[in-house]
Amino acid sequence: MVKEIGVGTALGIIVGLLWLGYNAYPLLIIFGLFFFLYKFLDLKGGLKQFSPARVDRGRASKNVSFDDVGGQKSAKRELLESLDFIRDPNKISMLGIRPIKGILLAGPPGTGKTLLAKAAAFYTDSEYIAAAGSEFVEMYAGVGAQRVRQLFGQARSMARKKGRKSSIIFIDEIDILGVKRGSFNSSHKEMEQTLNQLLVEMDGMDMRDEVRILVIGATNRADLLDEALLRPGRFDRIVQVDLPEVQGRLQILELHTRNKPLSDDVDLREISAETFGFSGAHLESLTNEAAISALRENCSCLEKRHFYEAIDKVILGEKIDRSPGKEEYKRIAVHETGHALVSECIRPNSVSTITIIPRGQAMGYIRHCPENDIYIHTREYLEGQIAMLLGGAITEEEILGSRSTGAANDFQQAVEVAKKIISSGMSSLGVVSIKDLPVSLLHKSIKEIINEQEEKVRLLVINYRDIIETVAAFLLEKERISGSFLRELLYKEQKTGSVNELSR
Ligand code: ATP
């Protein structure tokens, strides 16, 4: 706005001078030269170098409390402990406790690190000021360091202006700014200077300051950080912010459906169990996508099917308009049925849905029923995983006479699982280090594990050939079938030894 007024005024003066009969051409030329120089620097991004880092203050005013952060029980508890020195500095000094200057929130993307920092600011009635590590990375020496000084200066002045006694500076992606000095990732001296400035500012922080400052950094890669940053007296608390477990997912779903009308058939417990591995951001997106589906269908509330559709969408992406030919479609149906059958035989009740509606990169897929969250795996579990992955290709081979490229990804995953068996010391090689094994021996061992499962899967497919053909034909017709349909057929087969009756 100021820029526009300036340009307008200058042009107005020149036109006025010309109109009054003065020779304003030299002025016009100088003005033009300045304009081109400005545009040239702007295009090269040069002017940006001299501006302060973009900081986020506005969102701090939108109060986020710890109640708005679902799950993350232990992260919240650890964070709350560290915040006491800001809330109650007298108690801290009475006990002679050294105050904490920095807290590092480490964890996967979308787990609520920014939310926790905002909640910390609200809880301690602090001014909240946020910047991202990438905003301090510049070509010109000294600019990043200057921005760090400005950030701390702003944190103090803003708190003073609003009559607050403390400020929280949140630096997202701190690994960009605080990468190990001299490492491959720290590209030039400018970055080291910036990091040094941050260390200097943190060392200069004192509890007796008029405005107490706490720096909260967030990273997905704590291993990249410079040790000087992590030493006691700087970021001496590392709080792990992990993917939420089932109860945490339920809380997050409840938070994000507070403002959405839900139909009676929606059971958030069931959805939280179905979403193992989802981050808070995934869950927020899931509820949003479910609401968008409801809107598209003109429904007055969100129904169960909207949530299940949204789970698929969040995992695999939007439905795509790829339409395979008849033969290819049949192959996809046979392949997915193979995966599902093996899955059901190995882990009964494990298949929730089988579909051949293409989404994202997948031409078809199976959604499994929720298991309890599993964090450690036995050899039997991993072998079952390999068998399920091989199920698609072997079924194609037995029913259609050949395999296809559709199984390439399954094989890659099967090899990774086999490597996991070897590296965990559960293979016939005993306890070994994969990276020290000769390639030929590793290859032989992987093959051994996979071949064993391949034989088991082949037997299953031969045994249940009729069921596979019936389910695949049904899948071709309906595009999506439930796991219970497959279970019903399997159950009858196991009881009567015949599925022909059912397939009619
Ligand atoms: P990144 O590492 O990518 O910066 P982050 O860990 O900082 O991610 P946030 O920005 O805090 O993640 O979360 C993104 C969004 O996901 C939030 O605005 C919120 O809607 C949702 N979300 C994430 N975690 C939670 C949670 N624990 N409770 C409630 N909502 C959450």
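Whatever order the structure lists them in is the order used to number ligands and atoms, beginning at 1. What you see is a predicted model; the values in this text were computed from it and never measured.
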Open item on the list: Distance to the ring centre below 6.0 angstrom and angle to the axis at most 45 degrees; does that hold for Arg87 and Tyr123?
Closed with: yes
- [ ] Report the relative orientation of the aromatic rings in His339 and His335; use parallel for angles under 30°, tilted for 30 to 60°, perpendicular for over 60°.
- [x] perpendicular
TODO: Quick one: look up the protein heavy atom nearest atom 16 (O) of ligand 1 and list residue, atom name and how far away it is.
DONE: Ala281 CA, 3.2 Å
Task: Glu284, any N or O under 3.5 Å of ligand 1 N or O - done: no
TODO: Say whether Gln72, considering both its backbone and side-chain N or O atoms, lies within less than 3.5 Å of an N or O atom on ligand 1.
DONE: no
Open item on the list: Under 3.5 Å, is there a donor on one side chain and an acceptor on the other for Ser484 and Ser482?
Closed with: yes
- [ ] Look at atom 27 (N) of ligand 1 and find which of Gly70, Gly280, Gly112 reaches it with the closest heavy atom.
- [x] Gly70
TODO: With the side chain counted from C-beta on, respond yes when Leu104 and Arg237 share a heavy-atom pair under 4.5 Å apart, and no when they do not.
DONE: no
Task: Identity and separation of the nearest protein heavy atom to atom 7 (O) of ligand 1 - done: Thr114 OG1, 2.6 Å
TODO: Check whether any N or O atom of Leu115, backbone or side chain, sits under 3.5 Å from an N or O atom of ligand 1, and answer yes or no.
DONE: yes
TODO: Out of Gly110, Ser285, Ala117, Pro244, indicate the one that has the non-hydrogen atom closest to atom 1 (P) of ligand 1.
DONE: Gly110
Open item on the list: My understanding is that only one of Glu270, Arg367, Lys313 makes a side chain to side chain donor-acceptor pair (under 3.5 Å) with Tyr308; could you say which?
Closed with: Glu270
